[in-house]
Peer 1: 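Below is the structure I would like to discuss, written out as structure tokens.
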There are 2 protein chains.
Amino acid sequence: MLNHGDSADNLPGAAQLFSALGDPVRLAIVARLCKDGPLPTIELKQCAEGVSRQGVTKHLHVLEDVGLVDSDRIGRDRQWRLRAQQLAIVRTYLDWISAQWDQRLERLTEFVENDA
Amino acid sequence: MLNHGDSADNLPGAAQLFSALGDPVRLAIVARLCKDGPLPTIELKQCAEGVSRQGVTKHLHVLEDVGLVDSDRIGRDRQWRLRAQQLAIVRTYLDWISAQWDQRLERLTEFVENDA
DNA sequence: TTCATGGGCAACCTCCTGGTTGCTCGTTTG
DNA sequence: CAAACGAGCAACCAGGAGGTTGCCCATGAA
């Protein structure tokens with residue numbers, strides 16, 4: 001799993017996560033799972049306009065591979081559940097990047113002020 | 001540009017952004033630009049281990065297409081600059097999703113407590 | 001028990017992506 | 001000026017991603 005000690009080291013892992021979220025169908029699935037909790041494949045299929053069941057299943061496996069989602073077989077169905085910690089990693093990465101940006105702006109402001 | 005009135009409508013746009021960030025080279029470029037401000041192509045090339053100049057240029061164009069970055073020609077060089085607003089959109093989208101998650105957890109907790 | 005439904009697996013196809021090379025052009029710089 | 005450097009453009013290539021179909025299995029409901 002992703003070691004999140006220092007976000008800078010985590011670039012490849014973060015890229016994986018971004019990549020997994022970088023498809024409209026997958027993003028819709030994640031959003032749906034976020035809103036309406038664990039759901040069976042068939043239900044998730046509805047947020048993929050005009051995509052076959054197998055297509056949706058493939059997307060779900062992509063999400064599973066990066067740990068954004070996991071599942072249990074319940075009788076005939078397979079229930080999918082969001083793993084919020086992984087989403088948190090993405091957020092943290094963006095926050096880390098943004099923080100660097102903010103620091104740079106601060107330094108820049110300082111510089112300008114000292115310069116004036 | 002991306003209308004950010006309601007994050008739910010914004011799914012395709014958000015997916016574009018995630019997708020653009022979903023490549024290690026591109027993510028490294030964004031991180032670098034965030035840390036060290038506007039930089040010429042050649043400098044950015046350094047964060048793409050073993051990729052040709054043209055390769056890097058292609059990545060930069062991908063970032064440009066989704067508005068994460070823009071550039072000016074300065075004499076012989078081309079200077080690249082981060083567009084932080086677009087990064088903010090990604091963050092906001094994640095926050096929006098997470099908020100829904102949190103609400104669901106609240107509702108769930110309520111339900112369990114009322115049930116007990 | 002029978003049949004419909006949700007799912008898994010595998011093969012297959014197409015198109016996009018990430019990457020390259022080769023060539024030319026303009027700008028610096030020695 | 002001449003050479004070197006940064007960049008743009010176009011062609012090209014291999015592999016992967018997203019999608020489909022067909023077939024079979026198990027479970028649930030009639």
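In the text below, chain A, chain B and the rest are named by the order of the sequence lines, each starting its count at 1. Remember, it's a predicted structure, so these values are computed and weren't measured experimentally. What's counted below: heavy atoms across the whole structure, side chains too, no hydrogens, waters or symmetry copies.
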Peer 1: What heavy-atom pair brings B:F18 and A:V90 nearest, and what distance separates the two atoms?
Peer 2: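 Between these two residues, the closest heavy atoms are CE2-CG1, 4.5 Å.
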
Peer 1: To 10°, what angle do the rotation axes through the five end pairs on each side of the helix from C:dT1-D:dA30 to C:dG30-D:dC1 form?
Peer 2: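 So the angle between the two local helix axes works out to 30°.
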
Peer 1: Could you list the residues that satisfy side-chain contact (heavy atoms from CB on, under 4.5 Å) with B:D70, not counting sequence neighbours?
Peer 2: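 Only B:R81, B:R83 meet the side-chain contact (heavy atoms from CB on, under 4.5 Å) criterion with B:D70.
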
Peer 1: Is there a side-chain contact between B:E64 and B:S71 (heavy atoms, below 4.5 Å)?
Peer 2: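 With C-beta onward as the side chain, the pair touches.
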
Peer 1: Which heavy atom of A:P24 sits nearest a heavy atom of B:L11, and at what distance?
Peer 2: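 Minimum heavy-atom contact is O-CD2, 3.2 Å.
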
Peer 1: A:D65: which residues meet the side-chain contact (heavy atoms from CB on, under 4.5 Å) condition with it, sequence neighbours left out?
Peer 2: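 Expected list: none.
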
Peer 1: Going by side-chain hydrogen bond (donor to acceptor under 3.5 Å, both in side chains), name the residues that satisfy it together with B:T57, two or more places apart in sequence or in a different chain.
Peer 2: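 side-chain hydrogen bond (donor to acceptor under 3.5 Å, both in side chains) check on B:T57 returns nothing, list empty.
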
Peer 1: Heavy atoms under 4.0 Å, any strand shown: does B:G50 hit a base, just sugar-phosphate, or nothing?
Peer 2: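 Sugar-phosphate contact only.
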
Peer 1: For B:R73 and A:G22, take the nucleotide of DNA chain D holding the closest heavy atom to each; which residue's nucleotide lies nearer the 5' end?
Peer 2: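 This one resolves to B:R73.
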
Peer 1: List in chain and number order the residues that pass side-chain hydrogen bond (donor to acceptor under 3.5 Å, both in side chains) with A:D36, two or more places apart in sequence or in another chain; answer none if no residue qualifies.
Peer 2: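 A:D36 satisfies side-chain hydrogen bond (donor to acceptor under 3.5 Å, both in side chains) with A:R32 only.
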
Peer 1: Within residues 29-42 of chain B, which residues have any heavy atom lying less than 4.0 Å from an atom of DNA chain C?
Peer 2: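 None, since no heavy atom is under 4.0 Å.
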
Peer 1: What is the distance from atom CG of B:L82 to atom CG of B:L63, rounded to the nearest 0.5 Å?
Peer 2: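 With rounding to 0.5 Å, CG (B:L82) is 9.0 Å from CG (B:L63).
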
Peer 1: On DNA chain D, does the nearest nucleotide to A:R76 precede the nearest nucleotide to A:V25 from the 5' side, or the other way round? Give the residue.
Peer 2: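 Nearest-nucleotide comparison on DNA chain D picks A:V25.
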
Peer 1: Answer yes or no: is there a side-chain heavy-atom contact under 4.5 Å between B:L21 and B:L68?
Peer 2: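 A side-chain contact under 4.5 Å exists here.
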
Peer 1: Rounded to the nearest 0.5 Å, how far does CG of B:L87 lie from CG of B:L17?
Peer 2: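 Between B:L17 CG and B:L87 CG, I get 8.5 Å after rounding to 0.5 Å.
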
Peer 1: Could you give the side-chain donor-acceptor pairs of residues 39-52 of chain B under 3.5 Å, partners two or more places apart or in another chain?
Peer 2:
from  : atom 1 : to    : atom 2 : distance (Å)
B:T41 : OG1    : B:W80 : NE1    : 2.9
B:S52 : OG     : B:G55 : N      : 3.1

Peer 1: First contact, last contact: which nucleotides of DNA chain C are these for chain B, 5' to 3', heavy-atom distance under 4.0 Å?
Peer 2: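 Listed 5' to 3', the contact boundaries are C:dG18 to C:dT28.
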
Peer 1: Of all the heavy-atom pairs spanning B:K35 and A:R107, show the shortest one and how long it is.
Peer 2: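 Taking B:K35 first and A:R107 second, the nearest heavy atoms are O-NH2, 3.7 Å.
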
Peer 1: Strictly below 4.0 Å, heavy-atom distances to any atom of DNA chain D: list the hits from residues 54-63 of chain A, or just say none.
Peer 2: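 Listed by number, they are A:Q54, A:G55, A:K58, A:H59.
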
Peer 1: Please find the earliest and latest nucleotides of DNA chain D, in the 5' to 3' direction, that have an atom within less than 4.0 Å of any heavy atom of chain B.
Peer 2: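 Listing 5' to 3', DNA chain D meets chain B from D:dC5 to D:dC9.
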
Peer 1: Sequence neighbours left out, what pairs pass side chain to side chain donor-acceptor pair (under 3.5 Å) with at least one residue falling in residues 18-28 of chain A?
Peer 2: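 Non-adjacent pairs meeting side chain to side chain donor-acceptor pair (under 3.5 Å): A:R26-A:H59.
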
Peer 1: Return the set of residues passing side-chain contact (heavy atoms from CB on, under 4.5 Å) with A:R76 (not counting sequence neighbours), or none when no residue passes.
Peer 2: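 For A:R76, no residue satisfies side-chain contact (heavy atoms from CB on, under 4.5 Å) once neighbours in sequence are set aside.
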
Peer 1: Hey, are the side chains of B:R91 and A:D95 touching, using non-hydrogen atoms and a 4.5 Å cut-off?
Peer 2: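 They are in side-chain contact.
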
